[in-house]
Q: 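My questions will all concern the structure given below.
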There are 2 protein chains.
Amino acid sequence: MESTLHRIRANYGKLGPSEKKIADYILKNEQQVTSLPINELAVLSGSTAATIVRFSRRLGFKGFTDLRIGLAGEIISTSSINSKITKNDSCFEIFNKRINDISVSLWNTESVLDPKQLELATKSIMKANRIVIFGLGNSAAIAQDAAHKFLRLGLNAQACTDNHLQAIIASHLDRNSVAIGISHSGESTDIIDALQLSKIGNATTVCITNYANSPIVSNSDICLFTKSDETSHSILAMSSRIAQLAIFDAIYTYIVLHADKASINAIYNTETALKSKKTAGR
Amino acid sequence: MESTLHRIRANYGKLGPSEKKIADYILKNEQQVTSLPINELAVLSGSTAATIVRFSRRLGFKGFTDLRIGLAGEIISTSSINSKITKNDSCFEIFNKRINDISVSLWNTESVLDPKQLELATKSIMKANRIVIFGLGNSAAIAQDAAHKFLRLGLNAQACTDNHLQAIIASHLDRNSVAIGISHSGESTDIIDALQLSKIGNATTVCITNYANSPIVSNSDICLFTKSDETSHSILAMSSRIAQLAIFDAIYTYIVLHADKASINAIYNTETALKSKKTAGR
DNA sequence: AAATAATGAAAATAATTTTCACCAGGAGGT
DNA sequence: ACCTCCTGGTGAAAATTATTTTCATTATTT
């Protein structure tokens, strides 16, 4: 079952003029439409109730009510996000608001992440002889997590979270290497330096950042963007980091699915090796 | 504006018996209710339309229709996004399904995480002289991330992700220490051993796990549960790890908000120290 | 036993869907 | 070119369905 907004866009061409007006109004006022009676929507969109019903049917819904529910289900409840964390919040309330932030940030990232760039990054990683992931401070954990994932796949991956080692490692990369730099702000000088050094040896450089106009972007062959507001108390850009994690996870999963025999064995062996660490299988 | 399901739970006590039946039915059949006429819901829940409307009003909605929209908006469309990842999916499609999984898992965790235990854990961490976080394999990155957060707060925190060191460190903890063990399965023997050793010195033990009936639970003073299905290709329990991250983030944020002068200075100093690593301030 | 709260049946209202008549534009025949 | 006969889109109004309100009844409490 496809998403509501998608269905509207996909069928836009086949719509009649009056139906187009309805589609336009809905696309412009997603949120509002979820709590609008059909007759009001008819007036607001310059159409009639009957046409709205036909419109809904044409898109594959049972009727307007059905479409509306679909719409509500897919709109990141812009209204309900009052994620301001205050000092009076209990720890649990904070958790609550946090996960809301994270969800929003993930779905926002989905809208700024370029599928093409993501695919390029993935393919580069699959083909690389060596993968180095640079991340400092907040991003160090992400880098390590990513390296861990790739190692499981039998890839020659390595996290580099030490700014002394970074320069050394970066300068030894060659054209068959991929250097991935993670920096939320896109301004971490050490990471940028590492990518520049990597470029000297003709490694493919990939960055993951939140800011499209940051210096790291101009030093990267492939750019993967996250999107998170990081308004509140996040000195630690929590939600953007989750977005970063999700990106690596998608890459990892893709590679798992397209792995050849050898890689699958690598995964299998890892699992077997870890089994002995558990008291029982789950 | 609070979430629909929460409002139902929060006001559950104040409901009449018939309204409770409605609440029960909605909580058990969230998804279905979004596309159910009020009269059918009345029959299914063993109540009447009038009571449902009253019930909706009492929860702060304009009427049943309003409640239903709220519900639809907050149910991570379990049905619509069929998160089955297939080999034909592009990397971006995988990303898409992944973030859906993560969202679902986060909101599920919100429903199993005990606010009391979370608060206990937080308070223990705030008061501790020493905090050690044990995590191996998948969980190592989480442990490091958490330690990193606490360090920024000026807390004496340390991640221990090496199973040789774990035993050594654990056996040196005392009653003013907090030992936190992270294990998705709750069965990682090394982590359980570490917590047991920690307990000998009377440290407070905290676990984070997905399984309430796992051995780690009986070796912990405080238990924090995540909930994620981890159906698909997740050898790496991705979404539960995000839930773990979110838990630590909530704890961290709470402590930030309740930090005394000294701690705030610690944060400030950290930020200042890091400034020099950036080409410009963001 | 009176007051209060909760409930359901039925009436009233509101929203949605269906029906139907109309119109515009196109295809094919004269 | 002109006339039909279609077709598909549209809106007005009727029919249906859903929701909300009213009100009488039944529990529960004081």
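Values below: every heavy atom of this structure, side chains too, minus hydrogens, waters and symmetry copies.
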Q: Taking 4.0 Å as the cut-off, does a side-chain nitrogen or oxygen of A:S18 come that near to OP1 or OP2 on D:dG11?
A: yes

Q: To the nearest Å, give me how far apart CG (A:L15) and C1' (D:dT10) are.
A: 14 Å

Q: Would you kindly compare A:R54 and A:A49 by the position of their nearest DNA chain D nucleotide and give the one closer to the 5′ end?
A: A:R54

Q: Counting any heavy atom closer than 4.0 Å, what does B:T48 reach on the DNA or RNA strands: base, sugar-phosphate only, or nothing?
A: base

Q: Across all strands, who's sitting opposite D:dT30 as a Watson-Crick or G-U wobble pair, both distances under 3.5 Å?
A: C:dA1

Q: Could A:E19 and A:R58 be called an ion pair, given the rule that one side-chain N must be under 4.0 Å from one carboxylate O?
A: yes

Q: Quick one: A:R68 CZ to C:dT17 C1', roughly how many Å, whole number?
A: 13 Å

Q: Measure CG/A:L41 against P/C:dA14 and give the value in whole Å, please.
A: 19 Å

Q: Measure from CD1 on A:I38 to C1' on D:dG11 and round the result to the nearest Å.
A: 13 Å

Q: Check for me whether B:K149 meets the cation-pi criterion with B:F248, that is, NZ or CZ under 6.0 Å from the six-membered ring centre and within 45 degrees of the ring axis.
A: no

Q: Can you check the A:F64 CZ to D:dT17 P distance for me, whole Å?
A: 19 Å

Q: In whole Å, what is the span from the CG atom of A:L67 to the C1' atom of C:dA15?
A: 16 Å

Q: How many whole angstroms separate atom CZ of A:F55 from atom C1' of C:dT17?
A: 17 Å

Q: Please table the atom pairs, donor to acceptor, closer than 3.5 Å between any side-chain atom in residues 59-69 of chain B and protein atoms at least two apart or in another chain.
A:
from  : atom 1 : to    : atom 2 : distance (Å)
B:D66 : OD2    : B:K62 : N      : 2.9
B:R68 : NH1    : B:L36 : O      : 2.4

Q: Whole-Å distance between C:dA5 P and B:R58 CZ?
A: 10 Å

